[in-house]
Amino acid sequence: MPDPSHLTAVRESYDTVAAAYVGMVPPPAGLDPLSRRMLDAFAEMAAGTARLGPVADVGCGPGKVAAYLAERGVADVFGVDLSPAMVREARQAYPELPFVVGSMTALPVADHALGGVLAYYSTHHTPPEALPVVFGEFRRALAPGGHLMLAGHVGDGEVVRPTEAYGGLPVSYASYLLPPGRIGDLLERAGFVVDARLTQEPGEGSRRRYGTFLARTPG
């Protein structure tokens with residue numbers, strides 16, 4: 001069965017912008033303090049439950065965030081990305097970590113095999129009607145007591161359809177900016193316990209709000 005159109009658009013767009021993305025998007029060390037602290041909290045929780053399984057950085061891009069987790073004590077972390085070009089960039093930059101091509105709609109792991117899932121600015125390209133499938137897949141893959149961190153752009157339900165990004169390169173994906181409350185509700189319906197929610201107003205040079213969720217599977 002062919003991919004849904006949004007997956008094709010995401011794959012082709014990020015294949016196009018991969019090299020430019022690497023140079024333009026800062027590593028986690030360059031994030032604002034709140035965003036870094038949330039990542040640090042997730043890393044600490046994931047490292048503390050390492051017995052449950054590895055941590056998957058889903059939509060890992062060029063691997064910068066997976067490498068950040070590894071530096072902070074997550075001993076078993078790997079990346080999954082829909083874009084083969086992004087995976088090549090990640091493998092070249094961080095050869096000590098495993099990166100694979102795959103979709104968040106069908107993660108390449110057995111049921112309850114993961115101790116953690118990180119979805120860092122990777123789910124906002126998913127149409128709202130498809131999010132239950134994605135969140136259900138995260139739930140399937142996580143062991144009881146496993147941790148999820150989801151972060152991304154939020155809004156009031158608007159859809160943004162850029163035609164270019166990352167230095168003027170052509171893209172065809174859309175960004176679905178859902179209210180944080182709706183994202184939290186969808187996570188809970190998928191079976192997660194949401195422990196923390198953080199909404200950040202646009203910072204300098206940004207026009208969008210950001211939402212971060214720390215959740216876990218009952219265990």
Side-chain angles (χ1 to χ4, degrees), residues 1-22 24-26 28 31 35 39 56-66 79-90 99-108 117-139 141 148-187 190 192 199-200 202 206-213 215:
M1 181 179 296
D3 285 341
S5 60
H6 76 276
L7 295 181
T8 301
V10 169
R11 178 189 295 109
E12 293 177 349
S13 296
Y14 281 102
D15 277 349
T16 298
V17 305
Y21 184 105
V22 172
M24 296 182 69
V25 175
L31 294 171
S35 295
L39 267 178
D57 180 2
V58 180
C60 64
K64 296 180 182 183
V65 183
V80 181
D81 202 277
L82 194 61
S83 162
M86 283 292 196
V87 169
R88 286 195 296 271
E89 294 284 351
F99 296 95
V100 298
V101 177
S103 172
M104 64 179 65
T105 62
L107 295 174
V117 168
L118 173 68
Y120 202 73
Y121 290 81
S122 58
T123 61
H124 61 275
H125 295 311
T126 304
E129 63 271 17
L131 280 176
V133 172
V134 171
F135 293 169
E137 182 65 359
F138 295 168
R139 179 71 174 83
L148 168 70
M149 176 173 169
L150 185 150
H153 304 294
V154 297
D156 297 314
E158 60 267 39
V159 182
V160 180
R161 299 183 185 276
T163 58
E164 59 181 42
Y166 305 105
L169 295 171
V171 295
S172 57
Y173 53 61
S175 292
Y176 301 88
L177 310 182
L178 299 184
R182 184 172 178 189
I183 296 172
D185 289 345
L186 289 171
L187 288 171
F192 287 99
T199 302
Q200 294 172 254
S206 174
R207 300 187 305 274
R208 297 180 182 176
R209 287 184 289 154
Y210 312 112
T212 305
F213 300 80

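Just so we're clear, the structure is a prediction, and the values are computed from it rather than from any experiment.
Residues Val80 and Cys60 form no side-chain contact, since every pair of their non-hydrogen atoms from C-beta on lies 4.5 Å or further apart. Taking 4.5 Å as the limit, every side-chain heavy atom of Val171 sits out of range of all side-chain heavy atoms of Thr16. Using a 4.5 Å heavy-atom cutoff, the side chains of Thr123 and Leu150 are in contact. A heavy-atom distance below 4.5 Å is not found between the side chains of Ser83 and Val10. Using a 4.5 Å heavy-atom threshold, the side chains of Pro62 and Met86 count as touching. Side-chain contact between Val87 and Val100 is absent, with no heavy atoms from C-beta onward closer than 4.5 Å. Taking 4.5 Å as the limit, some side-chain heavy atom of His125 sits within range of a side-chain heavy atom of Tyr14.
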Verdict with reasoning, Leu178 to Leu131, per side-chain contact (heavy atoms from CB on, under 4.5 Å): CA-CA 11 Å; Leu178 299 184; Leu131 280 176; 3.5 Å; yes
Report the C-alpha separation of Asp156 and Arg209 in whole Å, then their side-chain angles, then the decisive distance to 0.1 Å, and conclude whether the salt bridge (charged side-chain N to carboxylate O under 4.0 Å, His left out) test is met. CA-CA 10 Å; Asp156 297 314; Arg209 287 184 289 154; 3.1 Å; yes
If you apply the rule side-chain contact (heavy atoms from CB on, under 4.5 Å), what do you find for Tyr120 with Ser35, and how did you get there? CA-CA 11 Å; Tyr120 202 73; Ser35 295; 3.9 Å; yes
After noting the C-alpha distance and the side-chain angles of Val58 and Leu107, does the key distance pass the side-chain contact (heavy atoms from CB on, under 4.5 Å) rule? CA-CA 9 Å; Val58 180; Leu107 295 174; 4.0 Å; yes
Before giving the answer on side-chain contact (heavy atoms from CB on, under 4.5 Å), spell out for Arg208 and Ser175 the whole-Å C-alpha distance, their side-chain angles and the decisive distance to 0.1 Å. CA-CA 11 Å; Arg208 297 180 182 176; Ser175 292; 4.1 Å; yes
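You'll find the ring centres of Phe213 and Phe192 outside the 6.0 Å limit. In this structure, Tyr173 has its ring center at least 6.0 angstrom away from the ring center of His124.
For the pair Ser13 (side chain) and Ser172 (backbone), a donor-acceptor distance under 3.5 Å is present.
Nearest heavy-atom pair, Leu7 versus Leu82, reported as atom, atom and distance to 0.1 Å: O-CD2, 3.3 Å. The shortest heavy-atom contact between Ala18 and Glu89 is CB-CG, 4.2 Å. Nearest heavy atom pair, residue Ala85 against residue Asp15, reads N-OD1, 3.0 Å. Taking each heavy atom of Leu39 and Pro28 in turn, the nearest pair found is CD1-CB, 4.0 Å. Summarising the geometry of Gly63 relative to Ala90, their closest heavy-atom pair is N-CB, 3.8 Å, with the distance given to 0.1 Å. For Thr199 against Pro180, the heavy-atom pair with the smallest separation is OG1-CG, 3.7 Å.
For the 3.5 Å distance criterion, the side chains of Tyr176 and His6 fail to qualify, holding no donor opposite an acceptor.
Note: Tyr210 and Tyr121 have perpendicular aromatic rings, judged against thresholds of 30 and 60 degrees for the angle between ring planes.
With respect to Asp81 and Arg11, no salt bridge is recorded, no charged nitrogen being found less than 4.0 Å from a carboxylate O.
One distance of note links CG of Leu177 with CD of Glu158; it measures 4.5 Å at 0.5 Å rounding. To the nearest 0.5 Å, the span separating CG on Leu187 from CZ on Phe135 amounts to 4.5 Å.
Partners of Glu137 according to the salt bridge (charged side-chain N to carboxylate O under 4.0 Å, His left out) rule, which considers only residues two or more places apart in sequence or in another chain, are Arg140.
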